[in-house]
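Inspection log for the structure reproduced underneath, given as structure tokens.
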Amino acid sequence: MVRFTVLASGSKGNCAVVSGGRTRILVDAGLSCRELFRRMKLAGEEPETLDAIVITHEHQDHVNGLAVTARKLGIPVYLTEATHRAWMRWLMPRRHMTYAQWLELCRKQAAERQAELDSATQSPDSAEADPEEAEADGTTSPAGDGAAPPADAAMSGASIDSASWATAGRPPTLREDPTWLPAVEYFQAGQPFTIGDIGLSPFTIPHDAADPVGFVLSAEGVRMGFVTDLGYITPNVKQQLRNLDLLLLESNHDLEMLRDGPYPWAVKQRVLSRVGHLSNEAASEFLSTAYDGQARYVILAHLSENNNLPELARVAAERALLGRPSLMANRLVLAEQHRPLASVIF
Ligand SMILES: [Zn+2]
Ligand SMILES: [Zn+2]
């Protein structure tokens with residue numbers, strides 16, 4: 001059985017659970033850990049059964065609960081190297097580091113780890129007090145004045161196993177190192193990979209982040225397209241979104257509402273730009289022209305609370321689908337910010 005559950009979608013937090021075979025993954029962790037767990041339970045999912053977290057890009061509404069959730073569950077985080085670095089910079093804005101310095105740091109830490117392994121020091125029982133409990137749940141306050149120790153990273157580029165804190169006999173607390181994760185795995189856009197029984201095919205999207213991606217996820221022969229936070233639909237994105245059983249597509253704003261709305265001019269320009277967000281009109285245009293109509297479910301996502309209304313998004317998409325009678329079998333669903341959607345089950 002394949003299950004696809006949107007826990008939250010919108011500029012205040014994005015998060016979805018995809019399960020297939022024996023594997024269960026989280027796509028983005030934009031809610032606080034506590035809220036994320038609460039919504040998973042509401043949706044009938046057990047947080048403890050999650051195998052990994054996959055991140056589309058480093059914007060706060062996609063990573064807000066990342067560190068706490070990954071630490072609490074002790075699971076790996078999959079993201080691109082550029083997204084990882086951007087996320088670390090966001091958490092430690094005062095730590096100015098060139099790429100060369102960062103590489104040097106990685107080299108040093110890899111050597112330290114090797115030295116630890118060589119001296120065969122066993123790390124004592126480190127699983128008692130939860131170091132996160134004292135921290136505000138899901139808040140990711142930047143570290144002060146370079147007092148926080150450096151993030152840990154391996155040179156292989158494929159995997160980071162942050163263990164240099166083993167000398168202290170425990171992982172660092174959030175305060176000591178807000179960027180510490182139990183394990184990090186890098187992927188690259190255009191290079192499919194698997195996590196257990198789930199296949200992931202990441203592709204580049206145009207958005208103002210370091211290295212943003214969308215995904216086609218597949219499990220048990222079911223293909224699910226996942227694309228939000230994009231300024232426009234590139235030819236490659238169109239290509240990727242074919243032969244899907246489920247399509248989750250951004251329908252961020254109504255153009256008129258955005259133009260007449262409360263945002264400052266610069267923010268409006270950013271949203272409207274080629275690396276901003278997809279409007280209802282652009283989503284509808286895609287659905288009425290390039291979309292192949294294969295998906296049984298179309299989920300409209302990342303709706304703006306200020307510059308959109310669910311009914312406007314729905315009507316725009318419905319108009320596109322109605323214009324093509326072959327697409328009327330598509331079930332149109334709107335993802336919500338404040339509560340999980342009923343799971344789509346295949
Ligand atoms: Zn977003
Ligand atoms: Zn974004």
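In listed order, ligands and their atoms are each counted from 1.
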Practice task
Could you grab the angle centred on the Zn ion (ligand 2), going from NE2 in His207 to NE2 in His57, to 10°?
Solution key: 100°
Problem - Where the Zn ion (ligand 1) is the vertex, angle from Asp229 OD2 to His302 NE2 to 10° - result: 100°
Practice task
Answer yes or no for Arg331 and Tyr297: cation-pi contact, defined as NZ/CZ to six-membered ring centre under 6.0 Å and angle to ring axis within 45°.
Solution key: no
Practice task
Could you grab the angle centred on the Zn ion (ligand 1), going from NE2 in His62 to OD2 in Asp61, to 10°?
Solution key: 90°
Problem - Glu45 with Arg3: basic N within carboxylate O range, under 4.0 Å - result: yes
Practice task
State the atom name: nearest N, O or S atom of His59 to the Zn ion (ligand 2).
Solution key: ND1
Handout entry: Ser218 side chain to Gly221 backbone, donor-acceptor under 3.5 Å
Key = no
Practice task
Indicate whether any N or O donor in one side chain lies under 3.5 Å from an N or O acceptor in the other, for His253 and Asn306.
Solution key: no
